[in-house]
Amino acid sequence: MKFIHAADIHLDSALHGLERYEGAPVEEIRSATRRAFDNLIELAIDEQVAFVLLVGDLYDGDWKDYNTGLYFVERMGRLRDASIRVFIVAGNHDAASQITKHLRLPDNVTLFSTRKPERVVLDDLGVSICGQGFATRAVTDDISQGYPQGDPQLLNIGLLHTCLDGKPGHEPYAPCTVDGLRSKGYQYWALGHVHKREEVSQDPWIVFPGNIQGRHIREIGPKGCTLVTVDGGEIAAVEHRDLDVMRWSICELDVSATETVDDIYEQVREGLQLALDAAEGRPVAVRLVLYGACSAHLKLHADRERWIQEYRALATGLGGAGIWLEKVSIKTKPAISRDEVLDRDDALSGLLRSIHDMELDSSVLDELADEMSVLRQKLPAELLTGDDPFDPANPEFLKETLEDIKELLVNRLLTTENRS
């Protein structure tokens, strides 16, 4: 017998960070979560699994219309035609959906209660499945404590949308402990909520499968589900299967060994090609990060926008399934050491120290922010929000800009010193 464990589908969730760039495949991006879910359906049918477990955040909050629900019901009908049962617990994002509460599901689908843990026994398979969904978006109690003890005569599976004992970047919902889960006597705990795959334990199996499709640069690498094989009432194999149709990657390149901007360009070409190859035929969105002390530092920073566009054009021309730059971050440093010059006692070191020590007090920052508020009102809304907002009236932004200016001045002076 086999079954699939998946979580955090986030159907029709937008992918962030790509649509703003020329040449990005907008329609492919918008349909990515659906196409990844289609891959899950195909995998379930091809592997002839007995059932599919969907452990929370099937949806991405409330729907704009019923199309998301109609799509899901149709896919559940395909599994019903293949005699595959489906068991679902609601997660925090599902609890936010009002339409979901009134959606009638096919008879092969079991949606567990949100009031208390429920148990379903599959006598034909010798399996017990227990779960409880989220009644509200923020569940802060350890609901696993209410799950019944496992039946020693059955294979016991628990479905739980949880942060476990806390995971960075995730809300602390339905917290619990590994020891607490072990005490229930289940052979497999199917968890959800954390978007990175993790096998927390193998005795018993406690698994986060991760989400099925990365949606932004913080969700890099392969994404998919877990395929579990049961033999003689025991868990025989637990394996990850890729489902994603687009991939996210961070390409960090140490350019300290390069001499020219052309050398860096070739290194970028090689790095992007490796990212494209690693995606195994999928389109890939890459954050490119250049770092290290190099001779070409000044040329990169003096004409930063030009080189960003050069790298984007390079990515677009690589071919294959397609590669796009989500962001280009140039963090190089001059080849000559700033500290060496600052330690000297001459005119250049004095000027550098003056620039280095330059600060803006709070009153000056407030004045600048007021002046910049006029510019802010003329900016499009999309620039002011999102993962990387541009807000010229924000004092913190002004402080960061000052640091960039100081860096540019210092780099120019250091490069001039290096040439002389």
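We use all heavy atoms of the structure for the numbers below, so side chains are in, but hydrogens, waters and symmetry mates are not. For clarity, every value in this text was computed on a predicted model and none was experimentally measured. Sequence positions, counted from 1, serve as the residue numbers for this chain.
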**OP:** Could you check if a side-chain atom of Y311 sits within less than 4.5 angstrom of a side-chain atom of Y265, using non-hydrogen atoms only?
**Re:** yes
Original post:
Could you go step by step and tell me if E310 and R306 meet the salt bridge (Lys or Arg N to Asp or Glu O under 4.0 Å) rule?
Top reply: CA-CA 6 Å; E310 289 271 11; R306 174 215 165 175; 3.4 Å; yes
Subject >> Gap between atom CH2 of W189 and atom CG of L164 - 0.5 Å precision >> reply: 10.5 Å
Original post:
Once you round to the nearest 0.5 Å, how far does CG of L253 lie from CD of E270?
Top reply: 9.0 Å
**OP:** Any chance you could measure E199, atom CD, to I206, atom CD1, to the nearest 0.5 Å?
**Re:** 11.5 Å
**OP:** Identify the residue among I212, T33, L243 that makes a side-chain contact (heavy atoms from CB on, under 4.5 Å) with I9.
**Re:** I212
Subject >> Euclidean distance, L314 CG relative to Q309 CD, rounded to 0.5 Å >> reply: 12.5 Å
Subject >> Salt-bridge criterion met for R78 and D81 (N-O under 4.0 Å) >> reply: no
Subject >> Pair H297, T332: side-chain N/O donor-acceptor within cut-off below 3.5 Å >> reply: yes
Original post:
Do V55 and L160 come close enough that some side-chain heavy atom pair is under 4.5 Å?
Top reply: no
**OP:** Go through the steps to decide whether R85 and D124 satisfy the test salt bridge (Lys or Arg N to Asp or Glu O under 4.0 Å), and finish with yes or no.
**Re:** CA-CA 13 Å; R85 287 170 279 197; D124 55 326; 3.1 Å; yes
Subject >> Under 3.5 Å: donor-acceptor pair, side chain of Y188, backbone of V207 >> reply: no
**OP:** Report the relative orientation of the aromatic rings in F51 and F3; use parallel for angles under 30°, tilted for 30 to 60°, perpendicular for over 60°.
**Re:** parallel
Subject >> Donor-acceptor contact present, side-chain D244 to main-chain P222, <3.5 Å >> reply: no
**OP:** Decide yes or no on side chain to side chain contact (heavy atoms under 4.5 Å, CB included) for L325 and L272, but give the supporting numbers first.
**Re:** CA-CA 9 Å; L325 294 187; L272 295 182; 3.9 Å; yes
**OP:** Please report the closest heavy-atom contact between R197 and P209, naming both atoms and the distance.
**Re:** CB-O, 3.6 Å
Original post:
L227 and E47: which non-hydrogen atoms are nearest, and at how many Å?
Top reply: CD2-CD, 3.8 Å
Subject >> Whether E219 side chain and R215 backbone form a donor-acceptor pair below 3.5 Å >> reply: yes
Original post:
When you measure from the side chain of H5 to the backbone N and O of T226, does any donor-acceptor pair fall under 3.5 Å?
Top reply: no
**OP:** Quick one: list whatever passes salt bridge (Lys or Arg N to Asp or Glu O under 4.0 Å) with R269, sequence neighbours left out.
**Re:** E266
Subject >> Closest heavy-atom pair and its distance - D142, C176 >> reply: OD1-CB, 3.3 Å
**OP:** Would you name the heavy atoms of A296 and I264 that are closest together and state the gap between them?
**Re:** CB-CD1, 3.9 Å
**OP:** Using the salt bridge (Lys or Arg N to Asp or Glu O under 4.0 Å) rule, take E42 and R35 through it: C-alpha gap first, then chi angles, then the decisive distance, then the call.
**Re:** CA-CA 11 Å; E42 294 298 330; R35 289 185 292 128; over 6 Å; no
Original post:
Is there a side-chain contact between H161 and D8 (heavy atoms, below 4.5 Å)?
Top reply: yes
Original post:
Is there a side-chain contact between E234 and Q187 (heavy atoms, below 4.5 Å)?
Top reply: no
Original post:
Does D12 reach the side chain of F72, with side-chain heavy atoms less than 4.5 Å apart?
Top reply: no
**OP:** Determine, stepwise, if the pair D242 / R247 fulfils salt bridge (Lys or Arg N to Asp or Glu O under 4.0 Å).
**Re:** CA-CA 11 Å; D242 292 343; R247 197 155 286 178; 3.6 Å; yes
**OP:** Give a yes or no answer on whether the side chain of R34 reaches the backbone of S31 with a donor-acceptor pair at less than 3.5 Å.
**Re:** no
Subject >> Which atom of I45 lies closest to which atom of A82, heavy atoms considered >> reply: CG1-CB, 4.1 Å
Subject >> Taking every non-hydrogen atom, the tightest pair across Q213 and W248 >> reply: NE2-NE1, 4.4 Å
**OP:** Please say whether more than 12 non-hydrogen atoms of neighbouring residues, nucleotides or ligands are located less than 6.0 Å from CG in D231.
**Re:** no
**OP:** Step by step, work out the side chain to side chain contact (heavy atoms under 4.5 Å, CB included) result for I129 and L53.
**Re:** CA-CA 10 Å; I129 302 176; L53 311 175; 4.2 Å; yes
Original post:
Just wondering, do M76 and V73 contact through their side chains at under 4.5 Å, heavy atoms?
Top reply: no
Original post:
How many angstroms lie between CG in N39 and CG in D46, if you round to the nearest 0.5 Å?
Top reply: 10.0 Å
Original post:
Is E118 reaching over with its side chain to a backbone N or O of F112, donor-acceptor style, under 3.5 angstrom?
Top reply: no
Original post:
F208 versus V200: any side-chain heavy-atom pair under 4.5 Å?
Top reply: yes
Subject >> Whether over 12 other heavy atoms sit under 6.0 Å from Q48 CD >> reply: no
Original post:
For the side chain of K184 and the backbone of Q145, is there at least one donor-acceptor N/O pair under 3.5 Å apart?
Top reply: yes
Original post:
Passes side chain to side chain contact (heavy atoms under 4.5 Å, CB included), V86 versus R80? Steps please.
Top reply: CA-CA 9 Å; V86 182; R80 180 188 57 198; over 6 Å; no
Original post:
If you draw a 6.0 Å radius around CD in E305, do more than 12 non-hydrogen atoms from other residues or ligands fall strictly inside?
Top reply: yes
Subject >> Rounded distance (nearest 0.5 Å) linking atom SG of C225 with atom CG of N211 >> reply: 12.0 Å
**OP:** Give a yes or no answer on whether the side chain of Y147 reaches the backbone of L159 with a donor-acceptor pair at less than 3.5 Å.
**Re:** yes
**OP:** For the pair Q267 (side chain) and D254 (backbone), establish whether a donor and an acceptor sit closer than 3.5 Å, ignoring hydrogens and angles.
**Re:** yes
**OP:** State, yes or no, whether a side-chain contact exists between L288 and C251 at a heavy-atom distance under 4.5 Å.
**Re:** yes
**OP:** Kindly indicate, with the supporting measurements, whether the criterion side chain to side chain contact (heavy atoms under 4.5 Å, CB included) is fulfilled by R119 and N156.
**Re:** CA-CA 10 Å; R119 170 182 272 168; N156 299 274; 4.2 Å; yes
Original post:
Quick check: does any side chain N or O of D141 sit under 3.5 Å from a backbone N or O of I143, one acting as donor and the other as acceptor?
Top reply: no
